[in-house]
Amino acid sequence: MANPSIKIKATLLGTGTSQGVPVVACNCDVCASEDPKDKRLRSSLLLTINQQNFVIDAGPDFRQQMLREQVESLRAILLTHEHVDHIFGLDDIRSYNWIQKNPMEIYAEERVQKAIKRIFNYVFASFKYPGIPKMHLKSVDGRLFAIDGIEFMPIRCWHHKLPVYGYRVGDLTYITDTNFIEESELQKIAGTRVLIINCLRKEKHLSHFNLDEVLAIVNRVNPDQTYLTHISHAFGKYETVQAELPDNVFLAYDGLELEL
């Protein structure tokens with residue numbers, strides 16, 4: 001992997017599932033918890049590298065996350081796939097368009113770009129309504145690519161039958177909405193110091209890793225630290241789950257900051 005020694009600050013913008021936590025109309029112990037670490041927005045990651053900010057996925061909570069972390073500039077957005085909880089905040093790039101005086105670069109594979117053009121059709125219509133967001137779609141095809149000299153490696157993963165991308169930059173790898181990674185793609189993660197990976201719950205799930213499956217990945221890849229994200233209310237309370245995890249595996253929470 002190129003430029004492994006670059007300095008990265010990673011902020012977990014959201015660590016919840018597509019419904020977030022608490023879940024609407026749910027009164028379970030986790031949803032009723034008063035612990036701030038049990039409050040989870042939709043999953044997203046902020047990377048600060050060379051004084052530039054990059055976001056992986058912009059779901060419905062994107063505006064709230066940008067305000068909370070006081071992100072005043074944004075170089076680009078990288079997308080893992082086209083599900084609602086990963087793209088529906090894209091309309092809120094308008095402020096960055098206005099301040100930065102340019103379209104937002106959005107990196108995604110061709111299938112995801114087609115979904116964006118369909119869902120945000122007004123952005124790409126021949127008549128540009130005043131004030132609409134401006135997007136510059138950039139293709140991800142599985143090969144290493146660079147943004148201002150910062151190299152990102154796509155990791156092909158599977159979300160049940162849907163192909164999605166995780167991303168590695170330097171010694172950090174971020175993988176969400178996944179329940180299978182082929183051996184050739186696991187090799188791209190080798191040497192990762194920090195792995196952030198989806199772990200929905202303890203019970204097996206159709207399209208997400210459960211805890212046992214994640215721990216198998218950890219044993220295979222052997223990162224220094226692993227942080228679990230895309231967490232369901234079915235997993236349990238933060239303090240309870242964290243006490244049960246291996247010493248080098250951590251339950252992530254919204255606002256968690258990592259530096260490497």
### Message
Please confirm whether the ring centroid of Phe88 lies under 6.0 Å from the ring centroid of Phe62.
### Response
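Ring centroids of Phe88 and Phe62 are no less than 6.0 Å from each other.
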
### Query
Taking the six-membered ring for Trp, is the centroid-to-centroid distance between Phe250 and Tyr227 below 6.0 Å?
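Ring-ring flag for Phe250/Tyr227: true, centres closer than 6.0 Å.
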
#### Entry: Point-to-point distance, once rounded to the nearest 0.5 Å, from SG of Cys28 to NZ of Lys237
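It comes to 9.5 Å.
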
### Query
To the nearest 0.5 Å, what is the distance between CG (Leu251) and CD (Glu244)?
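Answer rounded to 0.5 Å: 10.0 Å.
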
Within the 3.5 Å criterion, strictly below it, is a donor on [X] or [Y] matched to an acceptor on the partner's side chain?
{"X": "Asp38", "Y": "Ser33", "answer": "yes"}
{"X": "Thr80", "Y": "Asp57", "answer": "yes"}
{"X": "Asn198", "Y": "His208", "answer": "yes"}
{"X": "Gln100", "Y": "Ser73", "answer": "no"}
{"X": "Ser232", "Y": "Arg201", "answer": "no"}
{"X": "Glu213", "Y": "Asn179", "answer": "no"}
{"X": "Asp177", "Y": "Tyr165", "answer": "no"}

Would you indicate whether [X], at its atom [atom1], is surrounded by more than 12 heavy atoms from other residues, nucleotides or ligands within a distance under 6.0 Å?
{"X": "Lys161", "atom1": "NZ", "value": "no"}
{"X": "Glu203", "atom1": "CD", "value": "yes"}
{"X": "Glu72", "atom1": "CD", "value": "no"}

For [Y], is there an ion pair with [X] - N to carboxylate O distance below 4.0 angstrom?
{"X": "Glu109", "Y": "Lys138", "value": "no"}
{"X": "Arg75", "Y": "Glu105", "value": "yes"}
{"X": "Lys114", "Y": "Glu82", "value": "no"}
{"X": "Asp92", "Y": "Arg63", "value": "no"}
{"X": "Arg143", "Y": "Asp141", "value": "yes"}

Closest heavy-atom contact between [X] and [Y]?
{"X": "Gln113", "Y": "Leu137", "result": "OE1-CB, 3.7 Å"}
{"X": "Tyr122", "Y": "Ile132", "result": "O-CD1, 3.4 Å"}
{"X": "Ala58", "Y": "Leu79", "result": "N-CD2, 4.2 Å"}

#### Entry: In one Ile/Leu/Val/Met/Phe/Trp/Tyr side-chain cluster, 4.5 Å: Leu211, Val221
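Yes: a chain of side-chain contacts under 4.5 Å links Leu211 to Val221.
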
### Parallel, tilted or perpendicular: ring planes of His81 versus His86, cut at 30 and 60 degrees
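Geometry flag for His86 against His81: tilted rings.
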
### Query
Below 4.5 Å, heavy atoms only, C-beta onward: do His230 and Leu200 meet side chain to side chain?
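Contact flag for His230/Leu200 side chains = yes.
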
